[in-house]
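Positions are given from 1, in the same order as the sequence printed here. Reckoned from all heavy atoms, side chains included, excluding hydrogens, waters and symmetry mates. The model shown is predicted, which means the values in this text are computed figures rather than measured ones.
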Amino acid sequence: SGINAEYGLSPAPDTQRLSFQPKFLFISYLFEMSYHGQYRGRSSGPRGPRPQNMGRPAGPGGYGPPPLPPDMIYKSFDPLESKHLFQRVAPEKDDSELSQAILTKHQELTPSPEEQAKLQEQVTKFTSIVDNLVVSPDPEIDIEEMRVVGSFKKGTILAGHKTADIVLIIKHLPTLEDVSKIMNSIKDKMNVLQPDKGKKAAGTVNESGFSYVCNGITLNVFVTTLPNNTKETIDPEKHVKLDNLKNSLAAIRHARWFEENAFQSSIRVLVRILKDFKKRIPFFKNVSPWTIDLLAHHSAAANTSGNQLSVPQVFRRCLQLLAAGILLPGSASICDPCEPGFVKAHSFMSYEHQDELACGAQTLLRALSHGGYKEILGMKGARMVTFEQAVMFDGIIVTPSKLAYEKPPETQPETMETNGS
């Protein structure tokens, strides 16, 4: 299709501005990179600079914390890229046990071939129906094309998650009525193709499209339009909302980029591990799947040496980057390759969530350094890593990092007193 290059999405400006309060000593690293601003941290390491220019009004519209001035941008510490600056005083650890544990956990998180085949069967049936509608279009259902997106397309779906995401591109601005017509038409055709005629599939319309459920398999269908149509006037009471249309177009770009760039097997291994973190570890729940994809790719592929990293190296580097503040305010972070301009991968995370992520990663990294990999991975029989109290690993007490961010008090508008005259 010739519309791939048109799937553009302008980043939303930011509206809320918060502040960090300096509580600790400022420290600096002797890196080869140039750093700007000041750094805050504890004995466990720094967690980012203090934003300046407080009190400025945020930009109109959008959400998430505002971008920092250019002079506040810094590159977070990366041990892999700084090896030549720090001479080793002990030989590197043997990662064979960690490697085996990660691969074992990854195998548990990977769907069985039978589970994947059942999901693929429903996707194939859905695809054949849509292809027929494209070739012989219904006057009321004007479909341009269909794309499979999400974790099923990327090959990072978790075991037990029997869901595939699909994007339908309509030639005109889709209305909520259009979505219902498309769902009913496809649902009837899908029921005909099912081997068990007695079981009827269920279809439910939502704000982004509709979902189709049959025999425990769910197809989430997102309805969008051609990118140029998003510039037209949209009636929120009649049409699918603009944000939902743009998010569906972004999902197409994400799936295509990941398919073209995530060719190392360690990337998919780390994505599944981090998705499991998202389910088990509280501070990871606010990390989006796309941010996980970019973080895994950066951890595995972004190194100047050009050498392919092992699975344990990629896993450890991911925690090191998070602990060093790669997803904190002021960090150069990871640039979103599917958005125009310089859009950070964590630009839609609040300051609270960014601090929780860096703080939790520091605790996990210290536990990993003292042999707590089974607890981190959530292996069977292993205790859970706590983030409220100290835990002992191999005779070493690991104390959880404390949150550094303090939300400033809300200022109340001044009221004018009257004398009653």
Side-chain angles (χ1 to χ4, degrees), residues 102-135 141 143 145-169 179-180 182-206 208-224 247-248 251-252 254-256 258-260 262-263 265 267-280 288-290 292-293 296 378 380:
I102 294 175
L103 295 178
T104 300
K105 184 64 177 181
H106 177 258
Q107 187 62 35
E108 295 176 5
L109 299 173
T110 304
S112 64
E114 294 78 12
E115 189 176 343
Q116 296 188 59
K118 290 180 180 179
L119 188 54
Q120 181 63 57
E121 180 184 5
Q122 296 299 324
V123 172
T124 302
K125 291 177 180 178
F126 190 96
T127 303
S128 64
I129 292 173
V130 174
D131 288 343
N132 291 332
L133 291 175
V134 172
V135 175
I141 305 176
I143 299 177
E145 65 174 306
M146 184 203 89
R147 296 294 183 90
V148 181
V149 298
S151 58
F152 177 73
K153 175 66 174 179
K154 299 171 186 175
T156 58
I157 193 170
L158 297 181
H161 187 69
K162 302 176 182 179
T163 303
D165 298 330
I166 297 172
V167 174
L168 284 182
I169 305 168
V179 174
S180 296
I182 294 172
M183 182 196 70
N184 292 329
S185 177
I186 294 180
K187 183 181 69 171
D188 293 341
K189 293 179 173 59
M190 287 287 286
N191 285 336
V192 174
L193 298 178
Q194 299 303 332
D196 190 350
K197 306 298 181 183
K199 290 186 178 181
K200 298 297 182 181
T204 306
V205 176
N206 54 57
S208 300
F210 62 92
S211 60
Y212 172 87
V213 182
C214 182
N215 297 326
I217 302 296
T218 301
L219 301 181
N220 290 326
V221 183
F222 303 93
V223 180
T224 187
N247 288 339
S248 298
I252 297 175
H254 295 169
R256 182 171 183 179
F258 193 87
E259 187 177 22
E260 293 175 350
F263 49 84
S265 60
I267 297 177
R268 287 176 169 80
V269 171
L270 183 57
V271 167
R272 282 198 171 102
I273 296 294
L274 295 182
K275 284 185 175 181
D276 182 59
F277 279 12
K278 186 176 173 68
K279 294 170 61 177
R280 293 188 298 107
S288 70
W290 178 232
I292 287 177
D293 291 343
K380 293 180 179 179

Note: Gly150 and Asp165 closest approach over all heavy atoms is CA-OD2, 4.0 Å
Strictly distance-based, threshold 3.5 Å: is any side-chain N or O of Ser185 a donor or acceptor partner for the main-chain N or O of Ile182? no
Going through the distances and angles, do Met183 and Tyr212 end up as a side-chain contact (heavy atoms from CB on, under 4.5 Å)? CA-CA 8 Å; Met183 182 196 70; Tyr212 172 87; over 6 Å; no
If you measure from the Lys or Arg side-chain nitrogens to the Asp or Glu carboxylate oxygens, is any gap between Asp276 and Arg272 under 4.0 Å? no
Donor-acceptor check, side chain of Asn206 to backbone of Ser208, threshold 3.5 angstrom: yes or no? yes
Let's go through Gln116 and Glu121 carefully: what are the C-alpha distance in whole Å and the side-chain angles of both, what is the deciding distance for side-chain hydrogen bond (donor to acceptor under 3.5 Å, both in side chains) to 0.1 Å, and is it a yes or a no? CA-CA 9 Å; Gln116 296 188 59; Glu121 180 184 5; over 6 Å; no
Specify whether Trp290 and His254 have parallel, tilted or perpendicular ring planes, treating 30° as the upper limit for parallel and 60° as the lower limit for perpendicular. parallel
Side-chain donor-acceptor contact under 3.5 Å, Gln120 with Glu115: no
Could you check whether any side-chain heavy atom of Lys125 comes within less than 4.5 Å of a side-chain heavy atom of Gln194, counting everything from C-beta outward? yes
With Glu259, which of Lys153, Lys154, Arg268 fulfils salt bridge (Lys or Arg N to Asp or Glu O under 4.0 Å)? Lys153
Nearest 0.5 angstrom please: Leu109 CG to Thr156 OG1, how far? 11.5 Å
Could you measure the distance from the OG1 atom of Thr224 to the CG atom of Asn247? Nearest 0.5 Å is fine. 9.0 Å
Salt-bridge criterion met for Lys118 and Glu114 (N-O under 4.0 Å): no
Taken to the nearest 0.5 Å, the spacing of Phe126 CZ from Met146 CE works out to 6.5 Å
Decide whether Lys162 and Thr218 meet the rule of one side-chain donor and one side-chain acceptor closer than 3.5 Å. no
Let's go through Ser151 and Lys275 carefully: what are the C-alpha distance in whole Å and the side-chain angles of both, what is the deciding distance for side-chain contact (heavy atoms from CB on, under 4.5 Å) to 0.1 Å, and is it a yes or a no? CA-CA 10 Å; Ser151 58; Lys275 284 185 175 181; 3.1 Å; yes
Set out, in order, the CA-CA distance, both residues' side-chain angles and the distance that settles side-chain contact (heavy atoms from CB on, under 4.5 Å) for Thr127 and Val123, then state yes or no. CA-CA 6 Å; Thr127 303; Val123 172; 4.0 Å; yes
Val271 versus Ala296, closest heavy-atom pair with distance: CG2-CB, 3.5 Å
To the nearest 0.5 Å, atom CG of Leu168 lies from atom CD1 of Ile186 at 5.5 Å
Using modelled atom types and a 3.5 Å cut-off, is there a donor and acceptor pairing between side-chain atoms of Arg147 and backbone atoms of Ala255? no
Going through the distances and angles, do Val167 and Val223 end up as a side-chain contact (heavy atoms from CB on, under 4.5 Å)? CA-CA 6 Å; Val167 174; Val223 180; over 6 Å; no
If you measure from CZ on Phe222 to CD1 on Ile252, what distance do you get to the nearest 0.5 Å? 11.0 Å
Distance-only polar pair, side chains of Thr104 and Glu108, donor-acceptor under 3.5 Å: no
Could you work out, with ring-ring contact (aromatic ring centres under 6.0 Å, His included) as the rule, every residue matching Phe277, not counting sequence neighbours? Phe284
Hey, could you give me the CD1/CZ distance between Ile157 and Phe152, rounded to the nearest 0.5 Å? 7.0 Å
Contact check, side chains of Ile169 and Ile143, non-hydrogen atoms, under 4.5 Å: no
Among Leu193, Asp188, Val134, which residue meets the side-chain contact (heavy atoms from CB on, under 4.5 Å) test with Ile129? Leu193
Minimum side-chain heavy-atom gap Asn220-Ile166 below 4.5 Å: no
